[in-house]
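These notes are about the structure you will find just below.
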Amino acid sequence: MDNIKALASDIQNVQNIVAFTGAGISAESGVPTYRGEGGLWTKYDPSKYASIGYFLQDPSYYWNFFKDVRYPILKKVKPNKAHLALFEMEKAGNLKTVITQNIDGLHQEAGSTSVIELHGTTRTIICMDCSKKYTLAEAFAKLAEQIPPLCSECRGILRPDVVFFGEMLNPEILQDAYAAAASCELLLAVGSSLVVYPAADIPLRAKRAGAKLAIINKGGTPLDSVADFVINEAAGLVLPQLLNPK
Ligand code: APR
Ligand code: ZN
């Protein structure tokens, strides 16, 4: 029985699955990954647009990246078959929660109701001074007035509600993710290079707590050697097959 079929039959008997996702699950929606060929980081300098240090020094760099790259992508992308398959698994009662490193909001758009966003979300924009929240469209409209966009209430500078490099992850969110990983029977790690910590520790915690670990990722990862299943194929191809083992 091939790996996908073996994993699919395992899944039918498991009630508590947790999915752990990275940029690769959104690649087939047209959201560029960070690493690997054509990755975002081969074109834009993450030490500028993705780090809190540079944002505080020059917020316009991020907001120009947002205007030219981030917003046009977020406006057009839709969930793909992989996101939808995880929602089907939730509806079937097998999948308890999705822990995601992604900031694109596509799991919620696919219908998933339990999503832990480790790195925040680009779909919410907040004021650095008074924490007033803005939608993507409101923030984008403000860019026509000035860059960086300012808060309507207090004139504070707006920022995306994401975890920049150089910032700590929200401890409560991380604890929720650790608890979900420690109590699951099977963790599906989908579309992540599993190189960024503390996020990449989550599949290991599931494994150490006795869960099976399945890695579905086009490229290799440092955790392949401890995984029960390694499937190096596209998420949009594999995940639907896990729903209906032929
Ligand atoms: N299906 C499955 N895997 C895919 C697909 C696909 N269609 N397309 C690409 N991949 C794989 C790549 O081989 C790569 O290993 O997805 C992985 C994406 O890895 P990264 O680009 O490193 O993304 P991720 O693991 O989510 O990065 C973690 O790093 O940049 C920070 O905060 C950012 O959340 C991000 C974190
Ligand atoms: Zn404000």
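Computed from a prediction, not measured in an experiment: that's the story for all the values here. Numbering starts at 1 and runs along the sequence shown.
Taking Ile, Leu, Val, Met, Phe, Trp and Tyr as hydrophobic and joining them when side-chain heavy atoms fall under 4.5 Å apart, one finds I126 isolated, its cluster having no other members. Using a 4.5 Å cut-off between side-chain heavy atoms of Ile, Leu, Val, Met, Phe, Trp and Tyr, L237 forms no hydrophobic cluster with any other residue.
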Only distances under 3.5 Å count here; give the side-chain donor-acceptor pairs of residues 209-217 to other protein atoms, sequence neighbours excluded, each with its distance to 0.1 Å.
from : atom 1 : to   : atom 2 : distance (Å)
K212 : NZ     : D10  : OD2    : 2.8
N217 : OD1    : S192 : N      : 3.0
N217 : ND2    : G219 : O      : 2.9

Tell me which donor-acceptor pairs under 3.5 Å the side chains of residues 180-190 have, and how far apart each pair is, sequence neighbours excluded?
from : atom 1 : to   : atom 2 : distance (Å)
S183 : OG     : A179 : O      : 3.0
S183 : OG     : A180 : O      : 3.3
E185 : OE2    : Q15  : N      : 3.4
E185 : OE2    : N16  : N      : 2.9

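Scored by the salt bridge (charged side-chain N to carboxylate O under 4.0 Å, His left out) test, K67 finds no partners at all (sequence neighbours excluded). For Y178, there are no ring pair (Phe, Tyr, Trp, His ring centres under 6.0 Å) partners at least two apart in sequence or on another chain. For F140, the ring pair (Phe, Tyr, Trp, His ring centres under 6.0 Å) criterion is met by Y71, not counting sequence neighbours. Partners of D224 according to the side-chain hydrogen bond (donor to acceptor under 3.5 Å, both in side chains) rule, which considers only residues two or more places apart in sequence or in another chain, are T221.
L84 and V18 are assigned to two separate hydrophobic clusters, defined by single-linkage of ILVMFWY side chains at heavy-atom distances under 4.5 Å. Taken together through direct or relayed side-chain contacts under 4.5 Å among Ile, Leu, Val, Met, Phe, Trp and Tyr, V31 and L136 form part of one hydrophobic cluster. Criterion: ILVMFWY side-chain heavy atoms under 4.5 Å apart, direct or through other members. Under it, L169 and I99 are part of a common hydrophobic cluster. Transitive grouping of hydrophobic side chains (ILVMFWY, heavy atoms separated by less than 4.5 Å) brings I25 and M89 into a common cluster. Note on I202: it clusters hydrophobically with Y197, by side-chain heavy-atom contacts below 4.5 Å among ILVMFWY residues.
The shortest distance between side-chain heavy atoms of T97 and V115 does not fall below 4.5 Å. Between P46 and F165 there is no side-chain heavy-atom pair separated by less than 4.5 Å. In this structure, D176 and L174 have side chains that are not in contact, with every pair of non-hydrogen atoms separated by 4.5 Å or more. Counting heavy atoms from C-beta on, the side chains of F20 and V98 never come closer than 4.5 Å.
Screening residues 71-89 for salt bridge (charged side-chain N to carboxylate O under 4.0 Å, His left out), with sequence neighbours left out, gives K78-E109, E88-K91. Among pairs with a residue in residues 195-205, those fulfilling salt bridge (charged side-chain N to carboxylate O under 4.0 Å, His left out) read D201-R205, D201-R208, at least two apart in sequence or across chains. Applying the salt bridge (charged side-chain N to carboxylate O under 4.0 Å, His left out) rule to pairs touching residues 136-160 yields R159-E167, sequence neighbours excluded. Applying the ring pair (Phe, Tyr, Trp, His ring centres under 6.0 Å) test to pairs two or more places apart or on separate chains, those with a residue in residues 76-110 are H83-H107.
In this pair, F66 and W63 present their aromatic rings perpendicular. The plane angle is above 60°, beyond the 30 to 60° band.
Side chain of Q101 to backbone of A200: no donor-acceptor contact under 3.5 angstrom is found. Without hydrogens or angle criteria, S112 side chain to S114 main chain gives no donor-acceptor distance under 3.5 Å. At distances below 3.5 Å, at least one donor-acceptor pair connects side-chain atoms of K96 with backbone N or O atoms of G93. With hydrogens and angles disregarded, no donor-acceptor distance shorter than 3.5 Å links the side chain of N94 to the backbone of E90. Checking side-chain atoms of N3 against main-chain N and O of V230 turns up a donor-acceptor pair under 3.5 Å. Under the 3.5 Å distance criterion, the side-chain polar atoms of E233 are left unmatched by any main-chain donor or acceptor of V238.
Under the 6.0 Å cut-off for aromatic ring centres, F55 and F164 qualify, their centroids lying closer than that. Separation of the Y54 and Y49 ring centroids does not fall under the 6.0 Å cut-off.
Ion pairing between a basic and an acidic side chain is recognised when a charged N comes within 4.0 Å of a carboxylate O; R123 and D161 show no such pairing.
One finds the CD1 atom of I147 at 7.0 Å from the OG atom of S60 (value rounded to the nearest 0.5 Å).
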